[in-house]
Amino acid sequence: MNQKNKIRVRFAPSPTGYLHVGGARTAFYNYLFAKNQGGDFILRIEDTDQARSTEESLKMVVHDLKWLGLNWDEGPDAITLKDVGAFGPYKQSQRLDLYQAVAQELLNQGLAYYCFLTDEEIEAQKKASEAAGTMAHLVSPYENWPLEKSKAELRNGKTAVVRFKTRELKKDYTFTDLVRGQVTFPSDMVGDFVLLRSDGMPVYNFCCAVDDHLMQISHVLRAEEHLSNTLRQLMIFEAMKWSTPQFGHLSVVLDEDKQKMSKRKGATSCFQFMEEGYLPEALLNFIALLGWSHPEEKEIITIDEMIKTFSTSRLNASGAVFDGVKLKWMNAQYLRALPDDQLWALVKPFLLKANLNLPFGNQQWAYQSIRTFKTHMETLSDAVGLYGLLDDSQFQIQSESSEVLSWEPTKPVLMKWKELLQAHDSETFLESDFLRIENDVKTSLNVKGKNLFQPIRVAVIGKPQGTELKILVPLMSRSSLIDRVEKVLAK
RNA sequence: GUCCCCAUCGUCUAGUGGCCUAGGACACCUCCCUUUCACGGAGGAUACAGGAGUUCGAAUCUCCUUGGGGACGCCA
């Protein structure tokens, strides 16, 4: 714990691609915990793997976090990427001198050493232990070299990594995990691990421990895959006589095959969900419930309510399958709860992007249409198909209409429908206008039921099933309807 | 191979020794509403991985087995 006992948590992604929903969940839990406790939420960028880290990825991650609304108190600014906060820099690639200093200290104390083993030598050891069926840890012949001797080698142009010395520790490390309870690791679970690469770059377990200390992180909520890394970090904390933060290891998010989610099977990045028309609130609500539950088991929960009720004690230790169907349901709930103007503002860009030809300027039409389609949408992109019904250039007689078209009463119904449309004294229709016209067709031809409304539906939307006509027709123009019925009659 | 973590309906979960003949949500099925679809409403089916133990009593505690996941990198 830091001096002021201030709650400080961090989300520490490595910028190697889009923000994964699993990462988003980790970030969100950290955010919720910080806000619940009145603490700070810090964004730290773990970009020490220079081969994979890119500025482009950093921008993507920052963009996605912003879209989700997970604002951080310290870290790279969302727009300029310039560091904000008193504990910077927040990109590990800019903190190299800090890691060097700690490594030097460990070296001086004889708790770490320069290792001159080549890749080939390491590979040979590995092969040998594999052949023996043991997977034994690496043993370095340099572990007890005097520091001066190693430095002389270095001066001669040799390259070396810095390894942490583990073989003399011989004890168990126990800590209380916020989600798993007491966890114990024997020290020989790991071998002498690398602190600094031969180019001076620090390795994850090292910079993570150093930064968590230097940034006065009080609680570390991170993915389960880091559970066994905790041992190495505990060793570093101990060697440096630093107090340790509290750790909590979150369960993994799985796909429907109970495997770790991968890009191969559907959407996994926040960006994809954004593009498909999910609301950030809905995505957040959904992923929060993948491993956490509201004390009263509420399902639809506002961010504020989640902040208010969040507790690590309600975090689940077992893996959770990401159920896209439930996400859709949840998104639909959020969509329906939105006022017409807000929903329209969200839907419109999707329609524009799909190049639909619609009366966008007509606000009354816009709100009327949004009310009509609200209960038919699960995602914003669903609107494209729905509104497409209203775009004349999209009108097509679907193959499933052929049966209806073959019915005997169909043609007379359509003729009458067209006639009454032409007789209508306005270019637009009220719901009552439509019902009256439909009824006139019914009484004048003595046709009812399926034989009546299915032909008309085909003449309006090109297929015998779909949205209710009495709400659809008022969104359409007379000329458009006449045009469509003529197309159907011509078939 | 070694070590670590996990295990309740198909899925997300509630459950911290008696309130559990296991509750909720999504999905599924039936019915109602509706001249289609959807929305909405009412019902229904479905789970404590297996085995030993502790206890008057176990989904809850212990151990074993099985299954799943992770770690064993100059990735994070």
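Naming: A, B, ... by sequence-line order, numbering from 1 per chain. In this text the structure is predicted, and so the values were computed from the model without any measurement.
In summary, the side chains of His294(A) and Glu305(A) do present a donor paired with an acceptor at a separation below 3.5 Å, with no hydrogens or angles considered. Under the 3.5 Å distance criterion, with hydrogens and angles disregarded, no donor-acceptor pair is assigned to the side chains of Thr184(A) and Asp172(A). Judged purely by distance below 3.5 Å, without hydrogens or angles, the side chains of Asp47(A) and Gln92(A) never pair a donor atom with an acceptor atom.
Between Trp344(A) and Tyr387(A), the ring planes are tilted. Angles from 30° to 60° get that label.
Across residues 46-57 of chain A, Glu46(A), Thr48(A), Asp49(A), Arg52(A) each have a non-hydrogen atom less than 4.0 Å from an atom of RNA chain B (numbered order).
Using a 4.0 Å heavy-atom criterion, one finds that Val190(A) contacts no nucleic acid atom at all. Looking at heavy-atom distances under 4.0 Å, Glu468(A) makes contact with a base. Using a 4.0 Å heavy-atom criterion, one finds that His249(A) contacts no nucleic acid atom at all. Ser14(A) comes within 4.0 angstrom of sugar-phosphate atoms only, judged by non-hydrogen atoms across all strands, and of no base.
Exactly one residue among Leu343(A), Asn285(A), Leu283(A) makes a side chain to side chain contact (heavy atoms under 4.5 Å, CB included) with Tyr334(A). That residue is Asn285(A).
For Trp329(A) and G24(B), the CH2 to C1' distance is 11 Å, given to the nearest whole Å.
Here, A47(B) and C12(B) have their C1' atoms 13 Å apart, quoted to the whole Å. G1(B) and G53(B) are spaced 30 Å apart, taking the P atom of each and rounding to whole Å. Of the C1' atoms belonging to U36(B) and A45(B), the separation is 28 Å, rounded to the nearest Å.
Figure legend. C28(B) is base-paired to G44(B); pairs are counted as Watson-Crick or G-U wobble with both atom distances under 3.5 Å.
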